[in-house]
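When reading the values below, keep in mind they use all heavy atoms of this one structure, side chains included, and skip hydrogens, waters and symmetry mates. By convention here, the first residue in the shown sequence is residue 1.
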Amino acid sequence: MTVAAQALPGPFEFAPGTTALVVIDMQRDFLEPGGFGSMLGNDVSLLQAAVEPLQRVLAAARDLGMTVIHTREGHRPDMADCPPAKFARGEFIGTDSPKGRILIRGEYGHDFVDELAPAPGEIVLDKPGKGSFYATDLELMLRNRGITSLIVTGVTTEVCVHTTVREANDRGFECLVLEDCCGSYFPEFHEVALRMISAQGGIFGWVGSSADLLAALPIGARA
Ligand code: TIU
(Lines give C-alpha, C1' and ligand atoms only; values in the text may rest on other atoms or scores of the structure.)
Protein backbone atom coordinates (compact mmCIF):
# COMPACT_ATOMS: atom_id res chain seq x y z
CA MET A 1 0.00 0.00 0.00
CA THR A 2 1.38 3.36 -1.03
CA VAL A 3 -0.11 6.63 0.20
CA ALA A 4 0.61 10.24 -0.70
CA ALA A 5 0.58 13.04 1.88
CA GLN A 6 0.42 16.67 0.82
CA ALA A 7 3.79 18.28 1.47
CA LEU A 8 6.43 20.61 0.07
CA PRO A 9 7.92 20.52 -2.50
CA GLY A 10 5.24 18.00 -3.62
CA PRO A 11 3.32 14.95 -2.38
CA PHE A 12 5.30 12.61 -0.14
CA GLU A 13 4.63 9.08 -1.38
CA PHE A 14 5.40 6.26 1.00
CA ALA A 15 4.36 2.79 2.07
CA PRO A 16 3.67 2.56 5.83
CA GLY A 17 5.27 -0.89 5.88
CA THR A 18 8.63 0.49 4.77
CA THR A 19 8.41 3.74 6.72
CA ALA A 20 9.53 4.49 10.27
CA LEU A 21 8.21 7.25 12.50
CA VAL A 22 11.24 8.82 14.17
CA VAL A 23 10.56 10.83 17.34
CA ILE A 24 13.66 12.80 18.22
CA ASP A 25 14.69 13.70 21.77
CA MET A 26 11.28 14.42 23.34
CA GLN A 27 13.05 14.28 26.69
CA ARG A 28 12.36 16.09 29.94
CA ASP A 29 15.83 17.64 29.71
CA PHE A 30 14.72 19.56 26.62
CA LEU A 31 11.01 20.16 27.32
CA GLU A 32 10.80 20.78 31.04
CA PRO A 33 12.24 23.52 33.25
CA GLY A 34 15.54 22.78 35.03
CA GLY A 35 17.03 20.58 32.33
CA PHE A 36 19.59 20.98 29.56
CA GLY A 37 17.41 23.29 27.46
CA SER A 38 16.78 25.77 30.24
CA MET A 39 20.40 25.64 31.44
CA LEU A 40 21.36 26.80 27.95
CA GLY A 41 19.19 29.85 28.62
CA ASN A 42 16.15 28.85 26.60
CA ASP A 43 12.40 29.16 27.16
CA VAL A 44 11.53 25.46 27.15
CA SER A 45 7.77 26.11 26.99
CA LEU A 46 8.22 26.84 23.27
CA LEU A 47 8.61 23.12 22.62
CA GLN A 48 5.28 22.10 24.20
CA ALA A 49 3.21 22.80 21.06
CA ALA A 50 4.69 19.76 19.35
CA VAL A 51 3.48 17.29 21.98
CA GLU A 52 -0.22 17.06 21.12
CA PRO A 53 0.09 16.67 17.33
CA LEU A 54 2.86 14.18 17.90
CA GLN A 55 0.58 12.13 20.14
CA ARG A 56 -1.93 11.91 17.26
CA VAL A 57 0.73 10.85 14.77
CA LEU A 58 2.10 8.30 17.21
CA ALA A 59 -1.38 6.84 17.69
CA ALA A 60 -1.82 6.55 13.92
CA ALA A 61 1.58 4.92 13.46
CA ARG A 62 0.70 2.40 16.17
CA ASP A 63 -2.67 1.67 14.53
CA LEU A 64 -0.87 0.94 11.28
CA GLY A 65 1.83 -1.17 12.93
CA MET A 66 4.56 1.11 11.63
CA THR A 67 8.09 0.98 12.98
CA VAL A 68 8.45 3.64 15.68
CA ILE A 69 11.84 4.86 16.91
CA HIS A 70 12.31 7.17 19.89
CA THR A 71 15.73 8.79 20.24
CA ARG A 72 17.36 10.26 23.32
CA GLU A 73 20.42 12.50 23.38
CA GLY A 74 22.68 11.77 26.31
CA HIS A 75 25.73 10.13 27.71
CA ARG A 76 26.98 7.22 29.76
CA PRO A 77 27.21 7.90 33.50
CA ASP A 78 31.03 8.05 33.26
CA MET A 79 30.67 10.43 30.27
CA ALA A 80 33.30 8.50 28.32
CA ASP A 81 31.19 9.13 25.19
CA CYS A 82 30.91 12.91 25.72
CA PRO A 83 33.45 14.67 23.51
CA PRO A 84 35.53 17.24 25.44
CA ALA A 85 34.60 19.81 22.77
CA LYS A 86 30.89 19.27 23.52
CA PHE A 87 31.43 19.35 27.27
CA ALA A 88 33.41 22.58 26.95
CA ARG A 89 30.30 24.30 25.58
CA GLY A 90 27.90 22.66 28.04
CA GLU A 91 29.79 22.14 31.26
CA PHE A 92 26.57 21.37 33.09
CA ILE A 93 26.28 18.04 31.23
CA GLY A 94 26.58 15.46 34.00
CA THR A 95 25.86 17.91 36.83
CA ASP A 96 23.00 17.47 39.26
CA SER A 97 19.57 18.97 38.64
CA PRO A 98 16.18 18.42 40.28
CA LYS A 99 15.57 15.77 37.60
CA GLY A 100 18.91 14.02 38.02
CA ARG A 101 22.26 14.43 36.25
CA ILE A 102 21.83 16.49 33.09
CA LEU A 103 21.72 14.44 29.86
CA ILE A 104 22.92 11.27 31.55
CA ARG A 105 21.34 7.94 30.63
CA GLY A 106 19.22 6.41 33.34
CA GLU A 107 18.34 9.76 34.92
CA TYR A 108 14.74 10.99 35.16
CA GLY A 109 15.42 14.15 33.14
CA HIS A 110 17.09 12.21 30.35
CA ASP A 111 13.98 10.12 29.80
CA PHE A 112 10.95 10.88 27.62
CA VAL A 113 8.12 13.20 28.65
CA ASP A 114 5.21 11.17 29.99
CA GLU A 115 2.87 12.06 27.09
CA LEU A 116 5.20 10.43 24.57
CA ALA A 117 6.45 7.39 26.43
CA PRO A 118 7.41 4.53 24.10
CA ALA A 119 5.04 1.57 23.85
CA PRO A 120 6.34 -1.98 24.28
CA GLY A 121 8.15 -3.11 21.16
CA GLU A 122 9.09 0.35 19.98
CA ILE A 123 12.77 1.08 19.47
CA VAL A 124 14.56 3.37 21.93
CA LEU A 125 17.80 4.72 20.50
CA ASP A 126 20.35 6.41 22.75
CA LYS A 127 22.71 8.72 20.89
CA PRO A 128 25.67 10.79 22.07
CA GLY A 129 25.38 13.43 19.36
CA LYS A 130 22.87 15.61 17.57
CA GLY A 131 22.44 13.26 14.61
CA SER A 132 20.62 9.96 15.15
CA PHE A 133 22.97 8.04 12.85
CA TYR A 134 26.26 9.13 14.42
CA ALA A 135 27.72 6.41 16.69
CA THR A 136 24.45 4.43 16.79
CA ASP A 137 23.05 1.29 15.15
CA LEU A 138 20.10 3.16 13.61
CA GLU A 139 21.07 2.55 9.97
CA LEU A 140 21.58 -1.17 10.62
CA MET A 141 18.13 -1.48 12.22
CA LEU A 142 16.43 0.43 9.39
CA ARG A 143 18.12 -1.68 6.69
CA ASN A 144 17.29 -4.90 8.56
CA ARG A 145 13.60 -3.93 8.47
CA GLY A 146 13.64 -2.77 4.85
CA ILE A 147 12.80 0.79 5.87
CA THR A 148 13.28 3.31 3.05
CA SER A 149 11.30 6.33 4.29
CA LEU A 150 11.28 8.26 7.55
CA ILE A 151 8.66 10.52 9.07
CA VAL A 152 10.75 12.76 11.27
CA THR A 153 9.47 14.66 14.32
CA GLY A 154 10.80 16.01 17.61
CA VAL A 155 13.15 18.65 18.94
CA THR A 156 14.84 20.81 18.15
CA THR A 157 14.05 21.52 14.52
CA GLU A 158 17.35 23.10 13.56
CA VAL A 159 19.59 20.98 15.76
CA CYS A 160 18.85 17.27 16.22
CA VAL A 161 16.00 17.05 13.70
CA HIS A 162 17.98 18.80 10.98
CA THR A 163 21.18 16.87 11.64
CA THR A 164 19.27 13.59 11.51
CA VAL A 165 17.49 14.49 8.27
CA ARG A 166 20.78 15.44 6.64
CA GLU A 167 22.37 12.18 7.75
CA ALA A 168 19.36 10.18 6.54
CA ASN A 169 19.20 11.96 3.18
CA ASP A 170 22.85 11.19 2.47
CA ARG A 171 22.14 7.54 3.23
CA GLY A 172 19.29 7.43 0.70
CA PHE A 173 16.30 7.57 3.06
CA GLU A 174 13.37 9.75 2.02
CA CYS A 175 12.33 12.03 4.87
CA LEU A 176 9.07 13.81 5.59
CA VAL A 177 9.42 16.33 8.41
CA LEU A 178 6.19 17.24 10.20
CA GLU A 179 6.36 20.95 10.93
CA ASP A 180 3.85 21.00 13.79
CA CYS A 181 5.45 17.95 15.42
CA CYS A 182 8.82 19.70 15.67
CA GLY A 183 9.84 22.65 17.79
CA SER A 184 12.67 25.04 18.51
CA TYR A 185 13.65 27.50 21.23
CA PHE A 186 14.02 29.96 18.32
CA PRO A 187 10.82 30.24 16.25
CA GLU A 188 12.72 31.89 13.40
CA PHE A 189 15.21 29.00 13.28
CA HIS A 190 12.29 26.55 13.13
CA GLU A 191 10.81 28.34 10.12
CA VAL A 192 14.06 28.68 8.23
CA ALA A 193 15.21 25.15 9.04
CA LEU A 194 12.00 23.77 7.55
CA ARG A 195 12.36 25.93 4.45
CA MET A 196 15.92 24.67 4.00
CA ILE A 197 14.67 21.07 3.86
CA SER A 198 12.08 21.46 1.10
CA ALA A 199 13.88 24.17 -0.93
CA GLN A 200 15.63 23.40 -4.21
CA GLY A 201 13.20 20.62 -5.12
CA GLY A 202 13.50 19.00 -1.68
CA ILE A 203 17.25 19.16 -1.20
CA PHE A 204 16.99 17.28 2.12
CA GLY A 205 13.41 15.98 1.93
CA TRP A 206 9.78 16.98 2.32
CA VAL A 207 7.94 19.18 4.84
CA GLY A 208 4.28 18.65 5.72
CA SER A 209 1.80 18.82 8.58
CA SER A 210 0.41 16.17 10.88
CA ALA A 211 -3.10 16.92 9.58
CA ASP A 212 -2.08 16.28 5.97
CA LEU A 213 -0.28 13.09 6.96
CA LEU A 214 -3.23 11.80 8.98
CA ALA A 215 -5.66 12.66 6.16
CA ALA A 216 -3.61 10.49 3.82
CA LEU A 217 -3.51 7.45 6.09
CA PRO A 218 -6.12 4.70 5.73
CA ILE A 219 -7.05 4.50 9.40
CA GLY A 220 -9.56 5.47 12.02
CA ALA A 221 -6.93 7.30 14.04
CA ARG A 222 -7.23 10.53 12.08
CA ALA A 223 -7.24 13.79 13.98
N1 TIU B 1 17.94 17.37 20.69
C2 TIU B 1 18.55 18.53 20.39
O3 TIU B 1 18.13 19.25 19.49
N4 TIU B 1 19.63 18.89 21.17
C5 TIU B 1 19.99 20.20 21.43
O6 TIU B 1 20.96 20.47 22.10
N7 TIU B 1 19.18 21.16 20.90
C8 TIU B 1 19.25 22.51 21.08
O9 TIU B 1 18.51 23.22 20.42
N10 TIU B 1 20.10 23.01 21.94
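Glu122 places a side-chain N or O within donor-acceptor distance of the main-chain N or O of Ala119, the cut-off being under 3.5 Å. One N or O on the side chain of Thr157 and one on the backbone of Gly183 form a donor-acceptor pair closer than 3.5 Å. Counting only distance, with no hydrogens or angles, the side chain of Ser38 and the backbone of Gly35 share a donor-acceptor pair below 3.5 Å. Between the side chain of Gln27 and the backbone N or O of His110 there is at least one donor-acceptor pair closer than 3.5 Å.
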Q: Determine, stepwise, if the pair Met79 / Ile104 fulfils side-chain contact (heavy atoms from CB on, under 4.5 Å).
A: CA-CA 8 Å; Met79 293 175 56; Ile104 298 296; 3.6 Å; yes
Q: Decide side-chain contact (heavy atoms from CB on, under 4.5 Å) for Arg145 and Ile123; before the verdict, give the C-alpha distance in whole Å, the side-chain angles of both, and the deciding distance to 0.1 Å.
A: CA-CA 12 Å; Arg145 290 187 177 207; Ile123 294 169; 3.9 Å; yes
Q | Step-by-step side-chain hydrogen bond (donor to acceptor under 3.5 Å, both in side chains) determination, Ser184 to Glu158 | A | CA-CA 7 Å; Ser184 171; Glu158 80 280 12; 2.9 Å; yes
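Both Met1 and Leu176 are assigned to one and the same hydrophobic cluster, defined by single-linkage of ILVMFWY side chains at heavy-atom distances under 4.5 Å. Tracing side-chain contacts under 4.5 Å through hydrophobic residues (I, L, V, M, F, W, Y), one never reaches Leu21 starting from Met141; they form parts of separate clusters. Leu125 and Met26 sit in two unconnected hydrophobic clusters of ILVMFWY residues. Membership requires side-chain heavy atoms under 4.5 Å apart, directly or through other members. Tracing side-chain contacts under 4.5 Å through hydrophobic residues (I, L, V, M, F, W, Y), one never reaches Val177 starting from Tyr185; they form parts of separate clusters.
Exactly one of Val152, Val207, Val22 qualifies for a side chain to side chain contact (heavy atoms under 4.5 Å, CB included) with Cys175. That residue is Val152. For the pairing with Val155, the side chain to side chain contact (heavy atoms under 4.5 Å, CB included) check across Leu31, Val44, Val161, Ile24 returns one residue only, Leu31.
Remark: Arg56 engages Glu52 in a salt bridge, criterion side-chain N to carboxylate O under 4.0 Å. Using a 4.0 Å cut-off between charged nitrogen and carboxylate oxygen, Arg105 and Asp81 count as a salt-bridge pair. Between Glu73 and Lys130 a salt bridge is recorded (basic side-chain N to carboxylate O distance below 4.0 Å). Between Asp25 and Lys127 there is a salt bridge, since a side-chain N of the basic residue sits under 4.0 Å from a carboxylate O of the acidic one. The pair Arg171-Glu167 fails the salt-bridge criterion, with no side-chain N (NZ, NE, NH1 or NH2) lying under 4.0 Å from an Asp/Glu carboxylate O.
For Tyr134, the OH atom counts as loosely surrounded, since its 6.0 Å shell holds 12 or fewer non-hydrogen atoms of other residues, nucleotides or ligands. Heavy-atom neighbours of Arg143 CZ from other residues, nucleotides or ligands within 6.0 Å: above the threshold of 12. The environment of Glu115 atom CD is dense: over 12 non-hydrogen atoms of other residues, nucleotides or ligands sit within 6.0 angstrom.
At a threshold of 4.5 Å between non-hydrogen side-chain atoms, the residues Thr19 and Glu174 do not count as touching. Two residues are said to be in side-chain contact when any heavy atoms from C-beta on lie closer than 4.5 Å; Pro53 and Leu178 fail this criterion. Proximity of Asp111 to Arg72: side-chain heavy atoms (C-beta onward) are separated by under 4.5 Å at one or more points. Counting heavy atoms from C-beta on, the side chains of Phe133 and Leu142 come closer than 4.5 Å. At a threshold of 4.5 Å between non-hydrogen side-chain atoms, the residues Arg28 and Asp114 count as touching. Taking 4.5 Å as the limit, every side-chain heavy atom of Val68 sits out of range of all side-chain heavy atoms of Pro118. Taking the side chain as every heavy atom from C-beta outward, Thr71 and Thr164 never approach each other to under 4.5 Å. Contact check for Ile93 versus Phe36: side-chain heavy atoms found under the 4.5 Å cut-off.
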